[in-house]
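Remember, it's a predicted structure, so these values are computed and weren't measured experimentally. Residue numbers run from 1 in the order of the sequence given.
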Amino acid sequence: MDLGTLRQFLVVARLEHLSRAAEELRVAQPSLSRTIARLEAELGTPLFDRAGRLRLNDAGKLFRGYVERSLGELEAGRRAVAETTGEGYGTVRLASESFLTLTGSLAAFKRAHPAVEVVLHQLPADEMARALRTKEIDLCVASQPILADGLAGVELLDEPVWVATPVGHRLAGRASVRVEDLADEQFITARRGHWHRRLLDRLFAARDLTPKIVFEGDEPGAIQELISAGLGIGLNPAMARRVAPQVPVVWIPVDSPDCRRTITLCWAAGTRLPAAARLMRTALTEWEWDPPVT
């Protein structure tokens with residue numbers, strides 16, 4: 001049971017698809033199938049259900065947790081040795097769903113610590129816990145809860161989410177809107193899994209409504225531009241008024257206490273972060289996340 005086998009198992013477990021896993025790993029699919037079969041033979045039990053689509057079974061889920069923790073500890077040990085010898089001090093790996101929120105704080109961090117290398121990973125929230133456990137990343141910033149054990153975190157910002165409309169839209173003169181007022185509107189939003197989309201779906205589902213979505217994409221930064229172009233309306237956090245003030249849209253408060261987002265900084269609990277990651281954690285927690293809008 002070598003490290004390569006375990007790393008390949010984790011990719012297959014994550015994707016639950018042999019051909020896609022083989023493509024990501026850049027190995028032949030028959031070779032990957034044999035690797036997984038040998039691992040199952042060594043453990044004495046199947047790790048996947050193969051009736052129809054490949055699915056990780058209960059034994060596989062149990063084993064995956066141990067593999068993630070083991071490989072994570074090995075990576076933490078490697079970096080600890082590098083830090084001790086003066087070779088690894090300067091790297092911190094940070095994940096986020098979108099880095100538009102972090103541009104100001106990251107720029108300030110680089111000015112304060114120019115020798116530290118910052119490696120950024122754009123990940124969906126449901127991948128962040130796994131990446132923290134396996135030490136693929138040191139820190140993550142999420143705009144929605146990460147439901148997983150073994151994580152520590154601190155809230156960076158809790159802010160309202162507004163409706164943005166094109167200039168001249170029928171709602172543009174309103175002091176506020178209810179979710180029900182938006183039932184017939186066309187929405188510009190992010191793909192499923194992103195916090196924009198989850199919030200939109202949650203707000204509408206709570207009122208037995210379904211949003212009319214005319215665009216969903218992977219670029220949250222494009223949402224405001226498309227709204228400004230008159231293609232629809234969308235939910236946007238209050239912070240977007242500061243990071244993209246030049247985009248002409250109208251901002252309207254939503255009359256709903258749960259139309260908010262909470263930005264949280266997370267890391268793996270019970271382990272000592274590398275020095276560069278500790279510097280980044282301090283910088284992000286001390287950053288002024290909610291300055292007044294001018």
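- Taking all atoms of both residues into account, the shortest heavy-atom contact from L199 to D258 is CD1-O, 3.6 Å.
- Within the 4.5 Å cutoff, no side-chain heavy atoms of V250 are placed close to those of H169.
- Taking a cutoff of 4.0 Å between a charged side-chain nitrogen and a carboxylate oxygen, D181 and R178 qualify as a salt bridge.
- Side chain of Q144 to backbone of G193: a donor-acceptor contact under 3.5 angstrom is found.
- Between V118 and F109 the shortest side-chain heavy-atom distance falls below 4.5 Å.
- Side-chain contact between N236 and Q224 is present, with at least one heavy-atom pair separated by less than 4.5 Å.
- A donor-acceptor pair under 3.5 Å links the side-chain atoms of K110 to the main chain of V116, judged by distance alone.
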List the steps, then state whether side chain to side chain contact (heavy atoms under 4.5 Å, CB included) holds for L71 with L10. CA-CA 10 Å; L71 293 182; L10 287 181; 3.6 Å; yes
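- In plain terms, the two heavy atoms of V167 and P248 that are nearest each other are CG2-O, 3.9 Å.
- Using a 4.5 Å cut-off between side-chain heavy atoms of Ile, Leu, Val, Met, Phe, Trp and Tyr, with links allowed through other members, V12 and L62 fall into different hydrophobic clusters.
- Using a 3.5 Å distance cut-off with no hydrogens or angles, the side chains of R207 and S256 do pair a donor with an acceptor.
- Between R281 and E286, none of the side-chain N atoms (NZ, or NE/NH1/NH2) sits under 4.0 Å from a carboxylate O, so this pair counts as no salt bridge.
- Residues L200 and L100 are members of separate hydrophobic clusters, defined by side-chain heavy-atom contacts under 4.5 angstrom among Ile, Leu, Val, Met, Phe, Trp and Tyr.
- With respect to the salt-bridge test (charged N to carboxylate O, under 4.0 angstrom), the residues R192 and E216 do not qualify.
- Interatomic distance, OG1 of T45 versus CG of N57, reported as 6.5 Å (0.5 Å rounding).
- F63 and F9 have their aromatic ring centers within a separation under 6.0 angstrom.
- The shortest distance between side-chain heavy atoms of H121 and R93 falls below 4.5 Å.
- Taking hydrophobic clusters as Ile, Leu, Val, Met, Phe, Trp and Tyr residues chained together by side-chain heavy-atom distances below 4.5 Å, V163 shares a cluster with L209.
- Judged by distance alone, with hydrogens and angles left aside, the side-chain atoms of W251 form no donor-acceptor pair with the main-chain N or O of T165 at under 3.5 Å.
- Between W287 and L265, the closest side-chain pair of non-hydrogen atoms is not below 4.5 Å.
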Going through the checks in order, is the side chain to side chain contact (heavy atoms under 4.5 Å, CB included) test met by V161 and V254? CA-CA 7 Å; V161 175; V254 179; over 6 Å; no
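- When all heavy atoms of R197 and R191 are compared, the closest pair comes out as CB-O, 3.3 Å.
- Between R20 and E23, no side-chain nitrogen of the basic residue sits less than 4.0 Å from a carboxylate oxygen of the acidic one, so the salt-bridge criterion is not met.
- No continuous path of hydrophobic side-chain contacts links V214 to L171 [ILVMFWY only; heavy atoms under 4.5 Å].
- Salt-bridge formation is not detected for the pair K212/E185: no Lys NZ or Arg NE/NH1/NH2 atom is positioned less than 4.0 Å from an Asp or Glu carboxylate oxygen.
- Nearest heavy-atom pair, A164 versus I227, reported as atom, atom and distance to 0.1 Å: O-CG2, 3.5 Å.
- Note that CD1 of I252 is 12.5 Å distant from CG of D255, once rounded to the nearest 0.5 Å.
- Put simply, the side chain of T35 never gets that close to the backbone of T5: no donor and acceptor are under 3.5 Å apart.
- Judged by distance alone, with hydrogens and angles left aside, the side-chain atoms of Q122 form a donor-acceptor pair with the main-chain N or O of E97 at under 3.5 Å.
- Scanning all heavy atoms of the two residues, the minimum distance from W162 to A238 falls at NE1-CB, 3.8 Å.
- Using bins of under 30°, 30° to 60° and over 60° for the plane-to-plane angle, the ring pair H196/H194 lands in the parallel bin.
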What's the verdict on side chain to side chain contact (heavy atoms under 4.5 Å, CB included) for I233 and Q186, showing C-alpha distance, side-chain angles and the deciding distance? CA-CA 6 Å; I233 71 171; Q186 296 180 328; over 6 Å; no
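- Using a distance-only test at 3.5 Å, with no hydrogens or angles considered, a donor-acceptor pair links the side chain of D2 to the main chain of G4.
- Using a 4.5 Å heavy-atom cutoff, the side chains of L47 and L39 are in contact.
- Separating the SG atom in C266 from the CG atom in L132 is a distance of 7.0 Å, to the nearest 0.5 Å.
- Side-chain contact of R261 with S143: a donor-acceptor pair under 3.5 Å is present, judged by distance alone.
- Looking at S31, its side chain never comes within 3.5 Å of a backbone N or O of V27 through a donor-acceptor pair.
- To the nearest 0.5 Å, atom CD of residue E68 and atom CD of residue E136 are 8.5 Å apart.
- Note that R50 lies outside the cation-pi zone of F48, set by a 6.0 Å cut-off to the ring centre and a 45° limit from the axis.
- Panel note: side chain E159, backbone M239; a donor-acceptor pair is recorded below 3.5 Å.
- Neither W195 nor I146 shares a network with the other; the hydrophobic side chains, linked directly or stepwise wherever heavy atoms of I, L, V, M, F, W or Y lie under 4.5 Å apart, form separate groups for each.
- Inter-residue side-chain proximity for R14 and E127 is flagged as met; some heavy-atom pair is nearer than 4.5 Å.
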Give the C-alpha distance, both sets of side-chain angles, the deciding distance and a yes or no for side chain to side chain contact (heavy atoms under 4.5 Å, CB included) between L94 and V119. CA-CA 6 Å; L94 174 70; V119 179; over 6 Å; no
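- Between the CD1 atom of I263 and the OG1 atom of T101 there is a distance of 5.0 Å, given to the nearest 0.5 Å.
- Nearest approach of D138 to L273, heavy atoms of both residues: O-CD2, 3.7 Å.
- For the pair L151 and W267, the minimum side-chain heavy-atom distance is 4.5 Å or more.
- In this structure, CD1 on I223 lies 8.5 Å from CD1 on I188, to the nearest 0.5 angstrom.
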